[in-house]
Structures are given as C-alpha cells and as structure tokens.
Amino acid sequence: MLQQTQVAKVIPFFERFLTSFPTPLALAAAAEDDVLAHWSGLGYYSRARNLMQAARIVVERYGGQLPCNLQALQSLPGLGRSTAAAILSIGYEQRAPILDGNVKRVLARLFAVRGWPGEGSVQRQLWARSDAITPDYAPRAFTQAVMDFGATLCTRTEPACHTCPLTSDCEALRQDAVADFPQSRPARSKPVRAARFLVVKNGEGELLLIRNDLRHGVWQGLWIFPQCRPEDNPPAFLKSTYGLDAEPIASVPAFRHTFSHYHLDIHPLILRAARRASTNCKLRLQWCGHRKPLPGGVPTPVQRLFGQFSAP
DNA sequence: AAGCCGGGGAC
DNA sequence: GTCCCAGGCTT
C-alpha cells in the first residue's frame, strides 16, 4: 500500500484491510472483489492483485509465512528490491539497504548526487550510497530511522537544516544548494484525452455499471460506466454494444481526471433506460443503487458520479 | 530506457 | 496548473 502512496493516506486503508485479511491465509482465501473493495480509492490496483497472488504463493510454497531472504521475497509479485529489503530489515532484523523516495532525497542531498533519481545511472549511485551507509547493527531501527529522517527532517520542501544533526556531513548544504537536490523529473506535458461517461438510470433509479477490460488500459477489471468517444452517438453506442435502449435526459458539465501519464476530460451524459430495457451480456453488467450497493473496485470519478446521480 | 499504472496532498 | 509520494511491471 505504501508504494507511491503517502503514509497518512494509507493508514485507514491498512487498518480496514488487516481487520478483514489479517494473515496471508485469509487473504489467499478471499474473494477478489472483496479485496478490491478494500483497495477502492487507493489507486494502482495491480498492487492489490499482486498482493493476492503473493499471498497464495506464500501459503502454498512457504507455509503461510513470508520467506526471510532477499531473493525469495523479491520474486513475489509486487515486491521489488526496496520493498523486499524493507521487509527483511524491519520484519526479520537482517541488514538490507532500501531505496524509497525518502532515502533517495536524503542521499541525493547528503552526497550531492546530480541528476533525476528516476534515471538509471543516478539510481545505481543511490543504491551504492544506501548500501554504504547501512550498518551491520540494528537493521530494523536503521531502516525506520533513515525513512523517518527523510519524512520529518530532510523533507522535500523546507528541510529543517537548522536542527539537522548531519549539517557537517551534508555536501548539498556545504555547497549551499540543498534546494537543488534531488533534481526534479524532466518536465513532460501530459496529453489530454476525452471520453463520454454514459450514466444510464433505470426505473428504480439504479445506475448501470460494466466491468472494464482486464487486459489493458487504466482501471483494469474495475466497475465503471459505459464509455464512448465524445463524437459517438450515445444511444446508438449503447444499442450496438450492450443491446440497450436508452435516451438522454441530461448532460453534466465536463470535469478533468488526471492520471500519472495523461489528463482525461470526462463528459458525463445521463440517460434513462427504456422500460423493458434488456442487455445482451449480463456477466459484465450490473445495476447498482438503493437495492444493490457498489461492488468492489470502483474508481474515484465513477464513485463521484454514482453518489450524485444514484437516487431512488 | 521509457512507458504504464491512481489518487491525493502540498504548493 | 505541477511535482511527488514507504515502486514495480511490461515493453
């Protein structure tokens, strides 16, 4: 959960998740929709699928207990070098250097490492520095400490250099250039895409959700509204794609949803389904509203519109 | 190496 | 608006 997600955001999700799935065994036996429901709103849903898969492997191959060596941990889906090392050091008290966002920032300043940390050569230098500063003693305390140092003192903006215990060692400070490290990512303009969300309401005030493609694109396997291109004819699209008869009743001002790699301008259109509307692919469709609540795994903009237009 | 994958906080 | 966050996977 903590991968690319701030601690404060994770905490409530983590509490609920562990109440429902306290062990690898519990997670391995859980229904995918149930797990995704707990993940809904966190983003990067592949982390949830990887976690489920990892739990199954841990149960089948390791008797339900996480392995205690770097290679075995890192081979589990969703665990890279840094996450595996964090588990090893904090969970098993073994020496294992990590390199998360905090540590990258601390090391970039301490040793004045030039370049954007996402770049391969910079990443290699930072891993070497992390390895060099990691002691043999107190692995758990050290890993926690170096992350907390970055999170509380050596922060991204306005680092507390005046109370820092490492001022005499900090190369960035010696150069009076703390703000120049780490170097930020080269700017890339995000392309803008547009889509029409078709919010179809039935006589009960329920809204039609479809299960999104599992193979490619964003929101894989999540429940979303039917979607067409802005230039498409919505009723014709619904008829040809789902065999559904519906007519527009209202349009909603467009709003923008931003992903890490593009902007999506969402143009919602509210439609009413014909009285005896039938659909031709029931497995991937579902009406949700006052009788049937939202299923697991609904992305944020869909949740927003659902809350706004699902009414008895 | 670069792109893909969410959502939100901080600015 | 932009940048980043207890990154990892795929191409």
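Between A/His261 and B/dC5 there is a side-chain N or O to OP1 or OP2 distance below 4.0 Å. Put simply, A/Ser260 has no side-chain N or O that comes within less than 4.0 Å of OP1 or OP2 on B/dG6. Dashed line: the shortest gap from a side-chain N or O of A/Trp219 to OP1 or OP2 of B/dG7 is under 4.0 Å. Contact check, A/His257 against B/dG7: a side-chain N or O comes under 4.0 Å of OP1 or OP2. Under 4.0 angstrom from either OP1 or OP2 of C/dT2 there lies at least one side-chain N or O belonging to A/His263.
Heavy atoms of A/Gly41 sit under 4.0 angstrom from primed sugar atoms or phosphate atoms, though from no base atom. Across all strands shown, A/Gly150 has no heavy atoms under 4.0 Å from either base or sugar-phosphate atoms.
Under 4.0 Å is where a charged nitrogen must lie from a carboxylate oxygen, and between A/Arg211 and A/Asp33 at least one such pair does. At a threshold of 4.0 Å, the pair A/Glu32-A/Arg49 counts as salt-bridged, since one of the basic side-chain nitrogens sits closer than that to a carboxylate oxygen. The pair A/Arg291-A/Glu206 meets the salt-bridge criterion, with a side-chain N (NZ, NE, NH1 or NH2) lying under 4.0 Å from an Asp/Glu carboxylate O.
In this structure, CZ of A/Arg185 is placed 14 Å from P of B/dA1, rounded to the nearest angstrom. We find that NZ of A/Lys9 is positioned 15 Å from C1' of C/dC4, with the value rounded to whole Å. If you take CG of A/Leu42 and C1' of B/dG8, they are 11 Å apart, rounded to a whole angstrom. Taking atom NE2 of A/His216 as the reference point, atom C1' of B/dG3 lies 16 Å away to the nearest angstrom. Counting to the nearest Å, the P atom of B/dG6 and the CH2 atom of A/Trp39 are 12 Å from each other. In this structure, NZ of A/Lys190 is placed 11 Å from C1' of B/dG6, rounded to the nearest angstrom. For the pair A/Met1 CE and B/dG7 P, the computed distance is 15 Å after rounding to whole Å. As a whole-Å value, the separation of A/Gln183 CD from C/dC4 C1' is 15 Å.
Across the P atoms, B/dG3 and C/dA6 are found 24 Å apart, a figure rounded to whole Å. Across the P atoms, C/dC9 and B/dG8 are found 24 Å apart, a figure rounded to whole Å. Distance check on atom C1': B/dG9 versus C/dG8 gives 22 Å, rounded to whole Å.
The closest side-chain heavy-atom distance from A/Ile270 to A/Pro248 is not below 4.5 Å.
Relative to the ring axis of A/Phe255, A/Arg304 places its NZ or CZ within 45° and under 6.0 Å from the centre.
Side-chain atoms of A/Ser89 and A/Gln144 form no donor-acceptor pair, as typed in the model, at a separation below 3.5 Å.
Each of A/Arg124 and A/Tyr262 was matched to the nucleotide of DNA chain B holding its nearest heavy atom; the match closer to the 5' end belongs to A/Arg124.
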Where protein sits on nucleotides 5-11 of chain C, one letter per nucleotide: B base, S sugar-phosphate only, - none, heavy atoms under 4.0 Å: BBBSS--
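Comparing B/dC11, B/dG7, B/dG3 by their closest approach to the side chain of A/Arg188 singles out B/dG3.
Ring-centre distance between A/Phe13 and A/Phe17: not below the 6.0 Å cut-off.
Taking the six-membered ring where tryptophan is involved, the planes of A/Trp219 and A/His257 are tilted, since the angle between them lies from 30° to 60°.
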